[in-house]
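Before any comments, here is the structure.
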Amino acid sequence: MDLTQHVPAARSLRPAGRIGVIPRTILREPFRAQTWRRLAYIVLALPGGLLCVPLALVGGPAGRIQRALARRLLGVQVDAPPRTGPLALAHAVISTPLNLIAATVTCYFWTVVVINIGYPLRPDSDPSGAWGGPTMAGAWALHAAGGGVGFLLLTPWVMKGFAALQTRLVKDFLGRDRTGLVRTAAIALAVAAACALLSIPVIHQL
């Protein structure tokens with residue numbers, strides 16, 4: 001029996017298997033422990049960074065605090081340089097706009113998940129004029145599927161993007177390798193500015 005005849009068939013199955021991994025990964029991401037540790041980091045990075053501004057001004061352990069936060073919640077190990085000096089203050093200041101946007105967008109997205117999945121519990125849940133109405137079952141199904149499940153699957157990936165950029169700032173400003181420091185700072189500020197502009201229409205609708 002020629003076993004080589006079966007090799008192409010076996011190889012042809014691999015792409016389909018890889019394609020099947022993508023939906024499973026998307027579905028599992030909201031329920032992974034790392035996703036919730038990432039959420040904790042995004043929420044704590046803003047007050048932690050603001051605390052580090054005065055600490056850095058008086059020569060306190062600002063860099064050590066930020067590295068410890070990234071290590072404990074994101075599992076990112078950043079080798080401490082001999083001294084951070086003014087870079088600890090620069091990191092605390094430059095990261096603040098990104099931390100603010102990341103926390104705001106993340107909390108808003110998770111709020112969308114909760115209020116849509118729990119649509120019948122909302123005080124304004126009148127199905128007569130709502131999408132999917134006029135029945136409560138129809139309105140609930142549409143809100144839960146669109147705003148609830150949709151944002152439930154999307155939000156972890158948005159968080160992952162924010163956390164990756166926040167981690168890059170910690171590594172470049174507070175680590176030993178600072179070759180990409182200027183580029184990372186520019187990207188972080190650009191992302192924060194773009195998200196702030198995109199949030200204006202949302203704010204007007206609130």
Side-chain angles (χ1 to χ4, degrees), residues 25-26 28-57 61-78 84 87-117 147-175 177-178 180-206:
T25 301
I26 294 174
R28 291 173 181 172
E29 194 66 24
F31 309 103
R32 296 177 63 233
Q34 181 60 32
T35 297
W36 296 101
R37 287 195 294 268
R38 195 175 290 123
L39 173 61
Y41 178 83
I42 289 174
V43 171
L44 293 175
L46 178 60
L50 293 175
L51 173 64
C52 286
V53 172
L55 278 178
L57 285 172
R64 191 187 314 159
I65 291 173
Q66 295 284 33
R67 286 191 298 268
L69 192 64
R71 182 178 66 254
R72 289 181 180 276
L73 295 178
L74 300 180
V76 176
Q77 183 65 45
V78 181
T84 54
L87 285 179
L89 176 61
H91 171 266
V93 172
I94 291 174
S95 65
T96 295
L98 179 64
N99 292 341
L100 175 60
I101 288 295
T104 302
V105 171
T106 297
C107 291
Y108 174 75
F109 276 24
W110 281 118
T111 301
V112 171
V113 173
V114 173
I115 65 176
N116 281 284
I117 291 180
V149 177
F151 273 81
L152 177 67
L153 299 178
L154 171 66
T155 304
W157 299 96
V158 174
M159 290 165 47
K160 184 176 287 190
F162 280 130
L165 188 50
Q166 290 170 309
T167 299
R168 193 69 256 171
L169 282 174
V170 174
K171 288 182 175 180
D172 288 346
F173 275 86
L174 306 175
D177 184 7
R178 296 167 179 170
L181 185 150
V182 175
R183 179 174 176 270
T184 303
I187 293 173
L189 293 175
V191 168
C195 290
L197 290 174
L198 291 173
S199 67
I200 293 176
V202 178
I203 294 173
H204 284 302
Q205 293 179 0
L206 297 178

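This chain uses plain numbering: 1 for the first residue, then up along the sequence. The analysis underlying the following values was restricted to heavy atoms, covering all of them including side chains, and did not include hydrogens, waters or symmetry mates.
Rounding to the nearest 0.5 Å places NE2 of His91 at 5.0 Å from CG of Leu174. The CG atom of Asp177 sits 7.0 Å away from atom CG of Asp172, with the distance rounded to the nearest 0.5 Å. Here CZ of Arg71 is found 10.5 Å from CG of Leu73. Values are rounded to the nearest 0.5 Å. We find the CG-CD1 distance between Leu98 and Ile187 to be 11.0 Å, quoted to the nearest 0.5 Å. Rounded to the nearest 0.5 angstrom, Arg64 CZ and Leu69 CG are separated by 14.5 Å. The line from CD of Gln66 to OG1 of Thr167 is 11.0 Å long, rounded to the nearest 0.5 Å.
Within the 3.5 Å criterion, the main-chain N or O of Phe31 finds no donor-acceptor partner in the side chain of Thr35. Checking side-chain atoms of Ser199 against main-chain N and O of Ala196 turns up a donor-acceptor pair under 3.5 Å. With hydrogens and angles disregarded, no donor-acceptor distance shorter than 3.5 Å links the side chain of Thr184 to the backbone of Leu169.
Nearest approach of Cys195 to Ile101, heavy atoms of both residues: CB-CG2, 3.3 Å. The minimum heavy-atom distance linking Leu189 with Pro97 is given by the pair CD2-CG, 4.2 Å. Here the closest heavy-atom approach between residue Arg178 and residue Gly175 is recorded as NE-O, 3.2 Å. Nearest heavy atom pair, residue Ala185 against residue Ile94, reads CB-CG2, 4.2 Å. Across every non-hydrogen atom of Leu87 and Phe173, the tightest pair is CB-O, 3.6 Å.
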- Any chance you could lay out the side-chain contact (heavy atoms from CB on, under 4.5 Å) test for Phe151 and Asn116, step after step, and finish with the verdict? CA-CA 9 Å; Phe151 273 81; Asn116 281 284; 6.0 Å; no

Can you list, pair by pair, the side-chain donor-acceptor contacts under 3.5 Å of residues 36-54, counting residues two or more places apart and other chains?
residue: Trp36; atom: NE1; partner: Pro30; partner atom: O; Å: 3.0
residue: Arg37; atom: NE; partner: Gln34; partner atom: OE1; Å: 3.2
residue: Arg37; atom: NH2; partner: Gln34; partner atom: OE1; Å: 2.8

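Residues Val158 and Val105 meet the side-chain proximity criterion, which asks for heavy atoms closer than 4.5 Å.
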